[in-house]
Number of protein chains: 2
Amino acid sequence: MEHTPLACSHHDHGHCITDALEAARQLCVGRGVRLTDLRLQVLELIWQNHKPLGAYTLMEMLAKANTRRVAPPTVYRALDFLLEQGLIHRINLLNAFIGCPSPSTKHQSHFLICRACGIAIELNQPELSQQIIGVAQDAGFQVETQSLEVSGLCANCAGNTEHDGHEHGHGHGHE
Amino acid sequence: MEHTPLACSHHDHGHCITDALEAARQLCVGRGVRLTDLRLQVLELIWQNHKPLGAYTLMEMLAKANTRRVAPPTVYRALDFLLEQGLIHRINLLNAFIGCPSPSTKHQSHFLICRACGIAIELNQPELSQQIIGVAQDAGFQVETQSLEVSGLCANCAGNTEHDGHEHGHGHGHE
DNA sequence: ATAGAAAGGTTATAGAGTAACATAGCAGGA
DNA sequence: TCCTGCTATGTTACTCTATAACCTTTCTAT
Ligand SMILES: [Zn+2]
Ligand SMILES: [Zn+2]
Ligand SMILES: [Zn+2]
Ligand SMILES: [Zn+2]
């Protein structure tokens with residue numbers, strides 16, 4: 001496509017996208033569910049960087065890409081499908097959505113979210129999940145889903161701002 | 001402070017409220033901030049049970065109690081104050097707010113939320129907070145706030161539904 | 001008293017999500 | 001093939017959540 005957007009300055013983000021899309025395709029075939037054009041397009045847009053994307057931002061991107069109006073239910077239905085299949089996660093803190101790098105294995109939603117650059121890093125810590133389940137069990141609580149959203153500064157942004165107070169080159173603008 | 005804020009069917013909730021309000025008063029005096037009538041009223045409404053309350057529900061309750069219209073900014077400003085002072089927490093999963101039973105000690109927001117009865121139980125697990133900080137540090141991430149929202153069934157509801165499929169007497173109606 | 005700051009009131013609008021119903025596209029079976 | 005039902009998408013309208021901007025009131029300190 002046109003560009004490799006920001007955030008991931010140090011890795012080939014094109015691979016993130018193509019790998020994720022290919023994995024999604026195979027997963028859906030295996031499950032007998034339909035990864036339609038629209039759903040694939042939404043997933044692709046979400047994967048364009050590592051920042052969570054709001055439904056309305058996504059809507060505008062869709063409208064632009066398809067040169068016609070797209071209404072909220074259209075994008076929300078696609079998002080619902082992707083959530084059900086575990087292909088994306090919802091970040092409640094931001095009312096936004098982000099691609100899951102390991103959709104084939106069921107897991108909980110644990111994220112580190114940088115307040116400076118907006119990147120969201122998914123944790124892969126089954127032990128943490130287990131500890132949370134244990135704590136809940138001690139209270140007689142039966143866990144169904146977990147959402148851990150840690151806010152702060154990512155390695156990049158912490159490094160940049162500990163020397164001087166203002167960020168450079170992070171592009172956390174108005175998108 | 002002595003009550004276990006679990007499944008509030010069996011504890012004197014009047015004490016929850018009066019204790020919380022008295023603690024809030026003293027805390028604000030100590031900090032030199034103003035717990036105004038409005039703010040106190042909002043806090044009191046929030047403490048009326050252990051379920052998170054939405055801003056608009058709160059708005060209606062305020063309007064009814066004061067027999068005059070209350071606009072969104074009014075309640076949101078009160079909520080912002082209470083959040084800043086740590087007197088309440090925000091549950092992102094529900095877009096709702098709940099009273100904090102231990103506002104005098106700084107801590108993270110860790111909740112068990114029952115999808116059946118709506119109760120939200122705040123965890124008090126500094127070790128869990130520490131473990132999360134540790135995991136983040138391994139990724140070079142500098143933690144500022146944590147939000148853990150675990151959804152599932154509380155002891156009460158799990159007990160009631162494990163014998164038969166449908167709930168009884170839970171009152172998770174339209175309030 | 002008076003000035004400045006903090007809090008609250010008012011209006012309007014932005015942002016996020018859903019209900020309800022209509023249409024289109026894809027199946028499987030006669 | 002045509003029919004039929006199911007799934008996905010389009011469309012309109014609406015609800016719920018949250019904030020911007022501006023004004024008035026109340027508190028506080030001098
Ligand atoms: Zn994931
Ligand atoms: Zn960052
Ligand atoms: Zn608390
Ligand atoms: Zn319950």
Side-chain angles (χ1 to χ4, degrees), chain A residues 24-25 28-29 31-43 45-46 51-63 65-85 87-98 118 147 149 174-175, chain B residues 24-25 28-29 31-43 45-46 51-63 65-85 87-98 118 147 149 174-175:
Chain A
R25 257 185 284 259
C28 288
V29 168
R31 291 176 184 168
V33 295
R34 290 164 56 191
L35 186 58
T36 63
D37 285 351
L38 177 65
R39 292 164 174 175
L40 185 61
Q41 197 182 0
V42 169
L43 184 59
L45 289 171
I46 287 179
K51 297 182 189 182
L53 216 53
Y56 278 67
T57 307
L58 216 38
M59 233 178 66
E60 285 173 22
M61 297 167 87
L62 275 175
N66 297 347
T67 53
R68 69 189 162 81
R69 188 173 171 270
V70 176
T74 299
V75 63
Y76 277 105
R77 281 189 288 234
L79 290 170
D80 285 344
F81 171 85
L82 297 173
L83 283 170
E84 277 167 21
Q85 299 302 322
L87 295 168
I88 61 174
H89 293 282
R90 185 192 152 84
I91 308 290
N92 293 317
L93 188 62
L94 304 173
N95 293 335
F97 305 84
I98 190 165
S147 163
E149 296 174 358
H174 44 70
E175 347 117 51
Chain B
R25 256 186 284 261
C28 288
V29 168
R31 291 176 185 169
V33 295
R34 291 164 57 193
L35 185 59
T36 63
D37 285 352
L38 177 66
R39 291 165 176 175
L40 185 61
Q41 197 183 1
V42 169
L43 184 59
L45 289 171
I46 287 179
K51 299 181 189 180
L53 218 53
Y56 278 70
T57 307
L58 217 37
M59 233 178 66
E60 285 173 22
M61 296 168 87
L62 275 176
N66 298 346
T67 54
R68 69 191 162 78
R69 187 173 173 270
V70 175
T74 299
V75 62
Y76 277 105
R77 279 189 289 233
L79 289 170
D80 285 344
F81 171 85
L82 296 172
L83 284 170
E84 277 168 21
Q85 298 302 321
L87 295 168
I88 61 174
H89 294 282
R90 186 191 152 85
I91 308 290
N92 292 317
L93 187 61
L94 303 173
N95 294 334
F97 304 85
I98 191 166
S147 163
E149 296 174 358
H174 43 70
E175 358 108 45

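Throughout, a chain's letter reflects where its sequence line sits, starting with A, and its residues are numbered from 1. Just so it is clear, the model here is predicted, and its values are computed rather than measured.
Take the nearest nucleotide of DNA chain D for B/Leu94 and for B/Arg34: the residue whose nucleotide is more 5' is B/Leu94.
Put simply, the side chain of A/Arg90 does not reach to within 4.5 Å of the side chain of A/Ile98, judged on heavy atoms. With contacts defined as side-chain heavy-atom distances shorter than 4.5 Å, the pair B/Ser147/B/Asn92 qualifies. Counting only heavy atoms from C-beta outward, the side chains of B/Leu87 and B/Cys28 approach each other to under 4.5 Å. At a threshold of 4.5 Å between non-hydrogen side-chain atoms, the residues A/Val29 and A/Arg25 do not count as touching.
Scanning for salt bridge (charged side-chain N to carboxylate O under 4.0 Å, His left out) contacts around B/Arg34 gives an empty result, with sequence neighbours left out. By the side chain to side chain donor-acceptor pair (under 3.5 Å) test, A/Arg39 is found to be paired with no residue, residues two or more places apart in sequence or in another chain being considered. With sequence neighbours excluded, no residue forms a side chain to side chain donor-acceptor pair (under 3.5 Å) with A/Arg68.
With centres under 5.5 Å and a plane angle under 30° as the test, the ring of B/Tyr56 is not stacked against the base of D/dC16.
The phosphate of D/dA8 has OP1 or OP2 within less than 4.0 Å of a side-chain N or O from A/Arg39. B/Arg90 has a side-chain polar atom (N or O) that falls below the 4.0 Å cut-off from OP1 or OP2 of D/dA18.
As rounded to whole Å, 14 Å separates atom P of D/dT25 from atom CZ of B/Arg68. Distance CG (A/Leu93) to C1' (D/dA18): 15 Å, rounded to an integer number of Å. The interatomic distance linking A/Leu35 (CG) with D/dT9 (P) rounds to 10 Å, in whole Å. Put simply, CG on A/Leu40 is 11 Å from P on D/dT9, counting in whole angstrom units.
Nucleotides of DNA chain C with any atom under 4.0 Å from a heavy atom of chain A span, from 5' to 3', C/dA16 to C/dC26.
Using a 4.0 Å cutoff on non-hydrogen atoms, the parts of residues 73-82 of chain B near DNA chain C are B/Pro73, B/Thr74, B/Arg77, ordered by number.
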Can you give each donor-acceptor pair under 3.5 Å made by side-chain atoms of residues 69-79 of chain B, sequence neighbours left out, with the distance rounded to 0.1 Å?
none

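Nearest heavy atom pair, residue A/Leu53 against residue A/Ile46, reads CD2-CA, 4.2 Å.
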